[in-house]
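Below you'll find the structure, written out as structure tokens, and then a few comments.
Labels below follow one simple rule: chain letters A, B, ... track the order of the sequence lines, proteins then strands, and each chain is numbered from 1.
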Amino acid sequence: DTGVSQNPRHKITKRGQNVTFRCDPISEHNRLYWYRQTLGQGPEFLTYFQNEAQLEKSRLLSDRFSAERPKGSFSTLEIQRTEQGDSAMYLCASSRTSGGIAGEQFFGPGTRLTVL
Amino acid sequence: GQQVMQIPQYQHVQEGEDFTTYCNSSTTLSNIQWYKQRPGGHPVFLIQLVKSGEVKKQKRLTFQFGEAKKNSSLHITATQTTDVGTYFCAGPTGFQKLVFGTGTRLLVSP
């Protein structure tokens, strides 16, 4: 399977703990996105990478959130000092460069985070 | 910031009935994308519309992009139980991040 993969698929943690999620995009895709989705809502943009450069970060993202894509391939999203409000599905997506037009995004299965 | 609203939020139809969801953006869009998310699944790309007034068809699905490039619609003819899910429109902004609409959840009864 050459789709977007995410690990772990589920994470339960206690409030105050740090968590890290991993995303492996489709290999030839140079754009990678992180979204957060809560029940009954659409995906909400968190951050975006083109290759290894983090080009945009949502203002909604607090300092507790950090993302990296060190070699322009896989990416990690870390949440420090988790809060119950961080409970959500964290989705990763990737896409190709396509002449400046935002192209089709391929989503991974997501990591469901539950903060107790 | 840019907002994308969809109506209705929810629709329950009998199999064979038609379904339409409408998407409205607070700003003009360079293009609009539609995604489908099955219950428990992740969003899956359906289509992208770029031109003003563009209409595209995929079997029973018809997508339309408004003349002002601020609204769009998805129409499903003769729904089937496999159409169940939430349909999201999404428009790019900034460095091509997508702003997703509020979604329309479709339930189809056999």
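Hydrophobic clustering of Ile, Leu, Val, Met, Phe, Trp and Tyr side chains at less than 4.5 Å, counting indirect connections, keeps B:Tyr22 apart from B:Phe19. When the side chains of ILVMFWY residues are joined at heavy-atom separations under 4.5 Å, either directly or via intervening members, A:Met89 and A:Leu32 end up in two distinct hydrophobic clusters. Both B:Phe45 and A:Phe107 are part of a single hydrophobic cluster, where members link through side-chain heavy atoms under 4.5 Å apart. A continuous path of Ile, Leu, Val, Met, Phe, Trp and Tyr side chains, each step under 4.5 Å between heavy atoms, connects B:Phe65 with B:Ile47, placing both in one hydrophobic cluster. Connection of A:Leu61 to A:Val19 is established within a shared hydrophobic cluster, with ILVMFWY side chains joined at heavy-atom distances below 4.5 Å, either directly or through further cluster members.
Looking at every heavy atom in both residues, B:Leu98 comes nearest to A:Phe45 through O-CB, 4.1 Å. Minimum interatomic distance between A:Gly42 and B:Phe88 (heavy atoms only, all atoms of both residues): CA-CE2, 3.2 Å. In terms of heavy-atom proximity, A:Gln105 sits nearest to B:Gln33 at N-OE1, 4.3 Å.
Contact annotation for residues 100-110 of chain B against chain A (heavy-atom separation below 4.5 Å, listed by residue number): B:Phe100, B:Gly101, B:Thr102. Heavy-atom neighbours of chain B within the stretch residues 108-116 of chain A, taken at a separation under 4.5 angstrom, comprise A:Gly108, A:Pro109.
Dense packing is recorded around CD of B:Glu15, with more than 12 heavy atoms of other residues, nucleotides or ligands lying under 6.0 Å away. For A:Phe65, the CZ atom sits in a packed shell: over 12 heavy atoms of surrounding residues, nucleotides or ligands are nearer than 6.0 Å. The 12-atom threshold is not exceeded at CD of B:Gln3, counting heavy atoms of other residues, nucleotides or ligands nearer than 6.0 Å. Within a 6.0 Å sphere centred on CD of A:Glu68, heavy atoms belonging to other residues, nucleotides or ligands number 12 at most. The number of heavy atoms from other shown groups lying within 6.0 Å of NZ (A:Lys11) does not exceed 12. When the shell of 6.0 Å around CZ of A:Arg15 is examined, it contains 12 or fewer heavy atoms from other residues, nucleotides or ligands.
Between the NZ atom in B:Lys97 and the NZ atom in A:Lys57 there is a gap of 13.0 Å [rounded to 0.5 Å]. Rounded to the nearest 0.5 Å, atoms OH (B:Tyr35) and CD (A:Glu104) are 6.5 Å apart. Residue B:His42 holds its NE2 atom at 9.0 Å from CD of A:Gln6, rounded to the nearest 0.5 Å.
In this structure, the portion of A:Gln37 lying under 4.5 Å from any heavy atom of chain B is its side chain and not its backbone. Heavy atoms of B:Gln37 lying under 4.5 Å from chain A belong exclusively to its side chain.
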